[in-house]
Structure formats: structure tokens, C-alpha cells
Amino acid sequence: MEEKANPEEEKNIRSLNFIEEIIEEDIRKGTNEGRVHTRFPPEPNGYLHIGHAKSICLNFGLAKKYNGKTNLRFDDTNPVKEDVEYVDSIMEDVKWLGFDWEDRLFFASDYFEELYAYAVILIRKGKAYVCDMTAEEISETRGTPTRPGKESPFRSRSVEENLDLFSRMRNSEFPDGTRVLRAKIDMGSPNMHMRDPVLYRILHAHHHRTGDQWCIYPMYDFAHGQSDSIERITHSICTLEFEVHRPLYEWFIREIGIYAPRQIEFARLNVTYTVMSKRKLLELVRDGNVTGWDDPRMPTICGLRRRGFTPESIRNFANTIGVAKRDNVIDVSLLEFCIREDLNKRANRIMAVLNPVKVILDNYPDDLVEEMESVNNPEDESKGKRKMPFSKTLFIERDDFMEDPPNKFFRLAPGREVRLKAAYIIRCESVVKDAETGEIEEIHCTYDPQTKSGMPESNRKVKGTLHWVSEKHAVKAEVRLYDRLFTNENPDDAEEGKTYKDYLNPDSLRIITAMVEPAVSLAAVLDKFQFERTGYFSVDKDSTPQHLVLNRVVPLRDSWSKGEKVK
RNA sequence: UGUCCGAUGGUGUAACUGGCAACACAAAUGAUUCUGGAUCAUUAGAGUCUAGGUUCGACCCCUAGUCGGACAACCA
């Protein structure tokens, strides 16, 4: 089997992360007959975000690398929080990211019957009991991290009584909250999770898949490891906060006597200038700070997609940040780098003027229209060329003109020359201002007919090249300029008396009307462009042929204005 | 006054498992460019939380601290 060197193999050359080391050692030792089987186990109670993307890329990536499989499993053990809406969006997002669970779509609720049987096994072994205390009582007797808990008075119930009570719990004989099934472990354990954790609670709630079939539902700890075991997962990869759950995970597997997967924890992703918790994301949506889960400012997968991110860029990001156990906060600039790198190669260039000011070429024939030719993507010959109409009156960027320019300003100014990209070199002769406001209304220029792009005489050097669009051919477009949602690098660590909401960026969205090259009107939703010299833009779902709407994915790097700001 | 986990340039991740701390992003400089983009070249920035110890040699092993995180939902 000879495979050409592909990116996947190059990764082998790179050093292994700690999970790959564990897996390779397992393979070496023949654990699980060298099998690698992972899973991505979201709870369908919200939308996926970039942190989940890290986990998805990790789980599917590992399986791919080691010739294994990955299941998609919904951890749907809490019917009051979950909904099919979320199931659907999660599947869409995972697929969009480019991963395929093939025929291995599972739900923890598929295993309710088996899980029930496991609970019965524990009861028979005297390792689980029905407890009649209230939630408050259970909480009070659990102790604190530094103080041991007290044993439940129901802890010594007979196996027969427990069996009877548990089956009656299932048979809907008791109201919500009156009884739970608990594991009998150790109320004095230094690990709070080992202090007789709750296995089942009574919940007369409609489940989005099992309907009203059940009125008792297993807790996360009782469902997750056993689900992994049922699916013969070899490496159960989760985030750090589950580290303290691992002894319990292993206790259940051992006491029930079933196949033992191995839980491995890694540090979850944090990104600067945003929040990642489902609770906070939900608040932003609910309180109207953003327009929805797919608001292009959200770190959700659907938000990033709508913003204009590509699956490749997100996968590449996930690969680049690596995986370890140390808490981390990734600089958004890395995410921005990843999308720029990708879009630079694939996005066609377009002339679009975001903040227009009129340029009139005094010596250009009034009714002449020329077709100027330009390459679609200088990084990719195969993208071909296009023609753009050029005429006497044009728009250029207001920022590209200064009456009284500083030293290193390479753009248009009185008496100065610049090139209009793919067209002529022009010289600014005079300016017309609004009598009252003093705002520049028209810039009068002359063009040099000898300098048309591509012509033999066109090689004269000028310091600046500007983008432009012909006034009478330009198409208006609503352009949404996004900035970071928060003004603080880490909105989560708010100072005294403040919350993350106090750091919301009031200017995270600016809507403008831009004048764009006519070719854009043919674009479909999610089509992406580089607006020459300004940034990458993606067609929003609100866009129609009559009313174009584009989102700025990310601006181009801009070493000029950066330097200006410092001054 | 508990248990578990962690600590390497500004941010992340490495360091052939004990042998000169490297790579990416960010930053700076120069070249080039009909995008102040991209590209190319170059530079700066940590001596690995602290104190001891083992060793010819420690980011790596040991001891004791320090700091940070997780854990007290009938959530996941």
C-alpha cells in the first residue's frame, strides 16, 4: 500500500500530543487489540461553539489518524433541557466541519433499558439504594470539600426493598423529587463525587426521543461511562472538569463488570475577547445583545459559518492550537490568521468602496465606458480574469485621500499621482467641498491615457494603488462590519461589581452602505470575496438580488493604519 | 484548611523521554509588489514558578513550597 505523502502523514513527523502518546502506547501494548474508537458526546441543549469544534476535530482527527472510528452520541439524559432543534443543529455543524460519523449516530436514551438493568445489578450487589431524602437534605448531608458527609438513613435498606422501590419509581408510583437511586460508596471520600452520588431521579417529563416512556432518568455519571462501554469506545476524551469524575466513571464500570474504556481529559478552549459558556451565550441571545445563535459575532459554529469562516480554517485552527492539560486562552488573532490564510487562497478579489467619495476625471470622455481587466485571484491563476466597467466618474475610499497628508501617506492628495488598480494613473488637480460642512464632495483629477494597465507605457511607478468603482455601474450593498463582541480580553474575569456584560463592545456591529463592483450581484449566500485592500467578505443569508448584504469576515492586515494609531 | 490537576517568550504548543529550549501566531526590520494584502529574508523576546536534592549533565526525576484551575446540581 503506497500512499503519497499527504498532510495527514506529515503530522506524524510532528511531535505527538499527550493523547496521541497514550493511544500509541495502547496500540503498542495491544490494548483493545489496537483498536481506536472515539466519540463526540454533546448534550442537545444548545448550539455548538468553537470549543466544541476543538473536541470534534480532536475526536474525529484521532480516529482518522489511527484508522479508527468516531461515534456521534447525544447525551440526552435530561429531558427538561433538551430539544430536537439542538440535535439537528449539532448534526449540521459536525457535518459542515467536514466530519462523518457514518452509521454511528447514537443517543444515550437508546440505552435507557440497559442502564436500568445496570442499576439493578448494583442494587443486587448492595451497591445502590433508594434514598427518600429531599434534594436539600441530600445536599446538606453531602458535606463540603473539606468536611465529610453523613450517611443517609436509607442507606441500609434491604436489597429486596430497594429493588421494589426502584421498580416502583420506574412505574410512576412516586412524584418528582421524592426518591432517588444512589450509589453506596463512601460519604467520607475526599472526592465529593464518590459521596453516594445520585444515579437516577424521578422526572415526569416528556423526552424528545423516548416520549413518556420513562419517568426516571439516569444522571450524567451513570449514563456516560456505560454508554461509552456499550459502544466499545476505547478512548473517552473529555474536558478537564471531568477529571474528578473519573474515579466514579471507573467505579461504575468495575462494579457493573463491563468493558472499560479509558477516560482522558484535556483543557478546554478559551479565546480572547469572547465567552464560551453555554449559559452566557444563551444570555446574549435571550437578552438581545446579539441577533441569535448564528449572529456573526458569536463564537458558535453557526455564527462563524455565517460570518464567513470556512470549515478548513476552523480545522486548521484546531490543529494549530494543539491539545494539552494546561488552562489556555488563545489569542483571536490566531483564528483570524487561519481564516485569512484560507481565504487568501480561495476568495476572488473584488473592487468595493466602503466609504465612498467621488472622483471625477476631468479629461476623460463624458460617455466613454471601458472594460478594465483584472485577475480574480493573484494567488491562483486558475480563477481567471474578469472585466470591470470604468468611466469618468468613480468612487474611491474616502480614507484614500488627504488634503494635507503626512509623510508616508502613499495615497491620493492634491498634486499627487496614484494608480487606479487595473486602470490608469491619475493626478489630483482640485477638490470641491461642501460650503457649510467643509466635507469633500468631489475630487477632480486628470488621467494619463498612456498608463492604462497592460499597455507598454504603463510601467511608470507611483507610490500608491487604489481600488475604485465606476459610479454609474456600482451596485449598492449593505455591509456589516463586525468587531470583537467584548472590549476586554477576558470578559469572564470581571472586576468587582461588574459582569462580562459590562464589557460588551458597543461598536461590535457597524452597518454601512458600500458601492461594489457589479459582478457581486450574482453572488450566492456564503460566497466569499476579498474586497481589494479592505478585507474578506461573505454574503449573508439576509441577502437578496435586490438587496445585497455582506458580512466582513475579517479585515486585511493593515500595517499602515496600525502605525497611524500609534502616532 | 481536603482531594485532584496544572505551571516553558506577549499567546499557544514542542523539546528524540536526562544531552546546546524549537515551531506557529503576535511584534519589529528590509526586499518585493498595479492590494500599505500576499510572498521572501532577517531580528528581537523565555533559560523553563521558587528553594533544595539526585546526576558528568535536569524543562524532564525526587522533596518542600508558591501560584492558578476543577470539585459541595435530583445539570452535562
Side-chain angles (χ1 to χ4, degrees), chain A residues 14-17 21 41-43 45 75-78 80-82 131 133-135 138-140 142-149 176-182 189-195 197-203 216-217 219-221 223-224 238-247 265 267 272 278 320-338 340-341 344-345 349 351 374 378-379 408-411 418-423 425 451 453-454 458-459 461-467 489 530-535 555-563:
Chain A
R14 248 174 54 177
S15 56
L16 304 177
N17 66 49
E21 275 176 12
E43 183 189 15
N45 70 341
D75 228 332
D76 56 348
T77 57
N78 186 8
V80 305
K81 285 193 174 179
E82 297 153 6
C131 180
M133 291 199 290
T134 65
I138 289 177
S139 167
E140 280 161 21
R142 188 170 355 248
T144 70
T146 53
R147 244 171 273 283
D176 288 3
T178 51
R179 287 182 161 85
V180 294
L181 183 72
R182 291 229 254 171
S189 170
N191 184 338
M192 300 284 297
H193 296 281
M194 301 298 274
R195 322 241 262 228
V198 172
L199 272 41
Y200 271 90
R201 75 283 214 184
I202 302 173
L203 231 45
I216 58 172
Y217 291 93
M219 301 290 290
Y220 163 85
D221 285 303
H224 199 97
C238 60
T239 44
L240 242 34
E241 66 269 27
F242 293 103
E243 215 157 19
V244 280
H245 293 245
R246 195 182 341 130
E265 311 85 9
T272 54
K278 267 187 195 169
T320 307
I321 59 178
V323 51
K325 297 192 74 163
R326 141 175 46 155
D327 295 323
N328 63 84
V329 186
I330 308 288
D331 203 311
V332 263
S333 61
L334 183 60
L335 224 204
E336 293 172 349
F337 165 79
C338 290
R340 285 194 188 108
E341 183 188 43
N344 180 44
K345 283 179 302 194
R349 291 343 49 161
M351 301 280 209
S374 188
E379 310 287 320
K408 299 227 283 193
F409 189 77
F410 298 156
R411 289 118 84 148
V418 292
R419 168 169 293 283
L420 292 180
K421 166 108 181 171
I425 290 177
T451 59
S453 290
S458 70
N459 279 335
K461 295 285 178 236
V462 285
K463 272 190 274 184
T465 300
L466 309 186
H467 60 280
E489 256 196 35
Q530 183 198 94
F531 285 0
E532 203 100 29
R533 301 209 303 136
T534 60
L556 249 34
R557 283 186 60 200
D558 183 1
S559 46
W560 161 246
S561 72
K562 202 184 287 171

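All values below come from the heavy atoms of this structure, side chains included, with hydrogens, waters and symmetry mates left out.
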- Could you tell me the separation between the CE atom of M219(A) and the P atom of A72(B), rounded to a whole number of Å? 11 Å

- Query: Where the side chain of V244(A) is concerned, which of G36(B), A70(B), A72(B) is the nearest nucleotide?
  - Reply: A70(B)

- Message: Under 4.0 Å, heavy atoms only, any strand: does F410(A) hit a base, just the sugar-phosphate, or nothing?
- Response: base

- Item | Side chain of S559(A) - closest among A7(B), C75(B), G36(B) | G36(B)

- Task: Please measure how far the P atom in C49(B) lies from the corresponding atom in G10(B), and state the result in whole Å.
- Result: 13 Å

- Query: Base of U42(B) relative to its sugar, syn (within 90° of 0) or anti?
  - Reply: anti

- Which range-with-range stems can be found for RNA chain B when each stem has 3 or more Watson-Crick or G-U pairs in a row and both distances sit under 3.5 Å? B:2-7 with B:66-71, B:10-13 with B:22-25, B:27-31 with B:39-43, B:49-53 with B:61-65

- Scan L556(A) against the nucleic acid and name what it touches under 4.0 Å (heavy atoms): base, sugar-phosphate only, or nothing. base

- Task: State whether R147(A) places a side-chain N or O below 4.0 Å from either non-bridging phosphate oxygen (OP1 or OP2) of G2(B).
- Result: no

- Base, sugar-phosphate, or nothing for E243(A), non-hydrogen atoms under 4.0 angstrom? sugar-phosphate

- Minimum-distance nucleotide (side-chain atoms of R349(A) versus A76(B), U35(B), C25(B)): U35(B)

- Once you round it to whole Å, what is the distance between C1' of C23(B) and CG of L334(A)? 13 Å

- Query: Reckon V323(A) touches a base, only the sugar-phosphate, or nothing at all at heavy-atom distances under 4.0 Å?
  - Reply: sugar-phosphate

- Side-chain-base donor-acceptor pair under 3.5 Å for E379(A) and G37(B): yes

- Would you mind classifying the nucleic acid contact of F409(A) as base, sugar-phosphate or nothing, using non-hydrogen atoms under 4.0 angstrom? base

- Query: Quick one: D558(A) CG to A38(B) P, roughly how many Å, whole number?
  - Reply: 10 Å

- Which value, in whole Å, describes the distance between the C1' atoms of nucleotides A27(B) and U35(B)? 22 Å

- Message: Return the CD1 to CG distance between I330(A) and L335(A), rounded to the nearest 0.5 Å.
- Response: 9.5 Å

- Can you tell me how far P in A21(B) sits from the matching atom in U66(B), rounded to whole Å? 30 Å

- Task: Write down the distance separating the C1' atoms in G9(B) and U48(B), rounded off to the nearest Å.
- Result: 10 Å

- Query: Counting any heavy atom closer than 4.0 Å, what does A422(A) reach on the DNA or RNA strands: base, sugar-phosphate only, or nothing?
  - Reply: base

- Using the glycosidic torsion, which applies to G47(B): syn (within 90° of 0) or anti (everything else)? syn

- Just checking, any donor-acceptor pair under 3.5 angstrom between side chains of D331(A) and S333(A)? yes

- If you check the R201(A) side chain, which of A14(B), C74(B), A27(B) turns out closest? C74(B)

- Task: May I ask you to say what I138(A) touches in the nucleic acid, namely base, sugar-phosphate or nothing, with a heavy-atom cut-off under 4.0 Å?
- Result: base

- Does R326(A) make a side-chain N or O approach to OP1 or OP2 of A70(B) shorter than 4.0 Å? no

- With a non-hydrogen cut-off below 4.0 angstrom, is V180(A) in contact with a base, only sugar-phosphate, or nothing? base

- K421(A) with E532(A): basic N within carboxylate O range, under 4.0 Å: yes

- Message: Looking only at side-chain N and O atoms, does D221(A) offer a donor or acceptor that is under 3.5 Å from a partner on H245(A)?
- Response: yes

- Task: Between C60(B) and U50(B), how far apart are the P atoms? Round to whole Å, please.
- Result: 11 Å

- Task: Check whether any side-chain nitrogen or oxygen of T146(A) sits under 4.0 Å from OP1 or OP2 of U3(B), and answer yes or no.
- Result: no

- When the C1' atoms of G36(B) and A28(B) are considered, how many whole Å apart are they? 16 Å

- Whole-Å C1' distance, C20(B) and C59(B): 14 Å

- Give a yes/no answer on whether the side chain of K461(A) brings an N or O atom under 4.0 Å of OP1 or OP2 in C34(B). yes

- If you find the nucleotide of RNA chain B closest to T134(A) and the one closest to N328(A), which residue's nucleotide is nearer the 5' end? N328(A)

- Message: Can you tell whether the side chains of E243(A) and K325(A) come within less than 4.0 Å, N to carboxylate O?
- Response: yes

- Task: Check if the side chain of H245(A) and the base of A76(B) share a donor-acceptor pair of N or O atoms closer than 3.5 Å.
- Result: yes

- Does a nitrogen or oxygen in the side chain of R340(A) sit under 4.0 Å from OP1 or OP2 of C25(B)? no

- Message: If you assign C131(A) and R419(A) each to the RNA chain B nucleotide with the nearest heavy atom, which residue ends up on the more 5' nucleotide?
- Response: R419(A)

- Base, sugar-phosphate alone, or nothing: which one does M351(A) contact when heavy atoms must sit under 4.0 Å apart? nothing

- Classify the nucleic acid contact of N191(A) as base, sugar-phosphate or nothing, counting any heavy atom under 4.0 Å across all strands shown. nothing

- Task: Can you tell me, in whole Å, how much space there is between the C1' of A22(B) and that of G47(B)?
- Result: 13 Å

